[in-house]
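In what follows, every heavy atom counts, from backbone to side chain, and hydrogens, waters and symmetry copies are set aside. In this text the structure is predicted, and so the values were computed from the model without any measurement. Atoms within each ligand, like the ligands themselves, are counted from 1 in listed order.
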Amino acid sequence: MIPAGFDYLQASSLEHAASLMAEHGDDAKWLAGGHSLIPLMKFRLAAPEVLIDISRLPELRTLEESDGVLRLGAGLRYRDLELSSLVREQVPLLAAAAATVGDRQVRARGTIGGAVMHGDPAADVPAVLLALDATLVLRGRSGQREVSADGFFLDFWETAAEPDDILLEIRVPVLPGRGWGFRKFRQRSQDWAIVGVAVQETAGGHAVGLVNMGPVPLRARAVEEALAGGAGVAVAAVRAADGAGPPSDLRADAAYRSHLAQVLTAEALNQAGARG
Ligand SMILES: Cc1cc2nc3c(=O)[nH]c(=O)nc-3n(C[C@H](O)[C@H](O)[C@H](O)COP(=O)(O)OP(=O)(O)OC[C@H]3O[C@@H](n4cnc5c(N)ncnc54)[C@H](O)[C@@H]3O)c2cc1C
């Protein structure tokens, strides 16, 4: 498992990163924690000729709250989120989910931005960001733009980002004191989720995100609508797999994943204090 040859360039600032990307264009890829990209390159599923390392840019490591919004630099690592008192107090769902990713080494290198841009439906943070109604701040050739996390994930490993887009920041509404729940089923403690469920209480009800229940991270809209219509947790949770397309693989078939989604949704809703 040796990747094809590539050049490694280290960006010293956001402007430098942009100029390197402009110079190398289609041949280049951003490198953050490398925990998804490097394995892909080793399997020869990706073969960029140039890697532009953005992992040391302080501009991507910002973490601040203003006007009811938590602004998370795309280069923050899971460990930053797990340990940040700001994140733990203001958006505890995100801190709790980050603390379950892989092992400590993975959490020390993997970034929230890499997880979003890789677009893996089995990753935990993208489904959490859906439940949190997050906004992504991207910068590309056509300038800077904000896009909702909902609608950003198009298909397996495919997002609405342009190839040269850099994700600068993720914005999450601050929801202190509101209920939340996170449940993840896996065979061993540091495995990826076979299925995961994230629940966030909002002003209007509960938002539910699903991990590994389709080709993209999903919102469990049928559950949310059932709760909003007055159903209790047990009745609403039965709808968890409605409209999802869970994969079948060596770890679980689609029917078992659907069952897990129902069970974990009920648990996460109860953890979040949903009625029923
Ligand atoms: C052993 C192991 C166990 C793991 N377990 C889990 C788990 O339990 N749950 C889980 O969710 N994940 C898990 N992961 C994945 C891990 O979370 C990855 O680190 C993460 O998905 C990608 O983040 P990264 O910083 O490593 O991104 P990289 O691998 O550096 O990049 C991934 C992709 O995103 C692009 N990219 C990165 N940053 C930006 C940016 N700012 N703007 C634009 N594009 C960008 C890159 O070009 C690349 O295409 C595991 C990984 C390993 C190796």
I need the contact type for [X] against ligand 1. Using non-hydrogen atoms and a strict under-4.0 Å cut-off, is it side chain, backbone, both or neither?
X	value
D165	backbone
A74	side chain
K184	side chain
D103	neither
V106	side chain

Heavy atoms only: which of L168, L40, L167 is nearest to atom 41 (N) of ligand 1?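 Nearest option to atom 41 (N) of ligand 1, by heavy atoms: L167.
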Purely on distance, is any nitrogen or oxygen of [X] under 3.5 Å from one on ligand 1?
X	result
G113	no
R186	no
A123	no
A122	no

Is it the case that more than 12 heavy atoms not belonging to E158 sit under 6.0 Å from its CD atom?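 Buried by this count: over 12 neighbours within 6.0 Å.
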More than 12 heavy atoms of other groups within 6.0 Å of F43 CZ: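 Count not over threshold, so no.
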Distance-minimising heavy-atom pair for A149 and L130: O-CD2, 3.4 Å
With heavy atoms of [X] as the reference, note each atom of ligand 1 found under 4.0 Å away.
X	value
A32	25 (O), 30 (O), 37 (C), 38 (N)
Y78	16 (C), 17 (O), 20 (C), 21 (O)
K29	49 (O)
G33	24 (P), 25 (O), 26 (O), 27 (O), 30 (O)
G102	5 (N), 6 (C), 7 (C), 8 (O)
I166	42 (N), 43 (C)
D191	8 (O)
G110	19 (O), 25 (O), 26 (O)

What I want to find out is whether [X] reaches [Y] closely enough, with some N-O distance under 4.0 Å, to be called a salt bridge.
X	Y	answer
D67	R171	no
E162	R141	no
R221	D150	yes

Tell me, please: is I38 in heavy-atom contact with ligand 1, that is, under 4.0 Å? no
For the side chain to side chain contact (heavy atoms under 4.5 Å, CB included) test, which of D120, T159, L129 pairs with F153?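 For F153, the side chain to side chain contact (heavy atoms under 4.5 Å, CB included) check succeeds only for T159.
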Can you list the steps and then say if R257 with D249 is a salt bridge (charged side-chain N to carboxylate O under 4.0 Å, His left out)? CA-CA 10 Å; R257 279 201 163 86; D249 56 32; 3.0 Å; yes
Going by ring pair (Phe, Tyr, Trp, His ring centres under 6.0 Å), name the pairs with one or both residues in residues 113-150, residues two or more places apart or in two chains.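 Checked against ring pair (Phe, Tyr, Trp, His ring centres under 6.0 Å) - neighbours excluded - the pairs reaching residues 113-150 are H118-W157.
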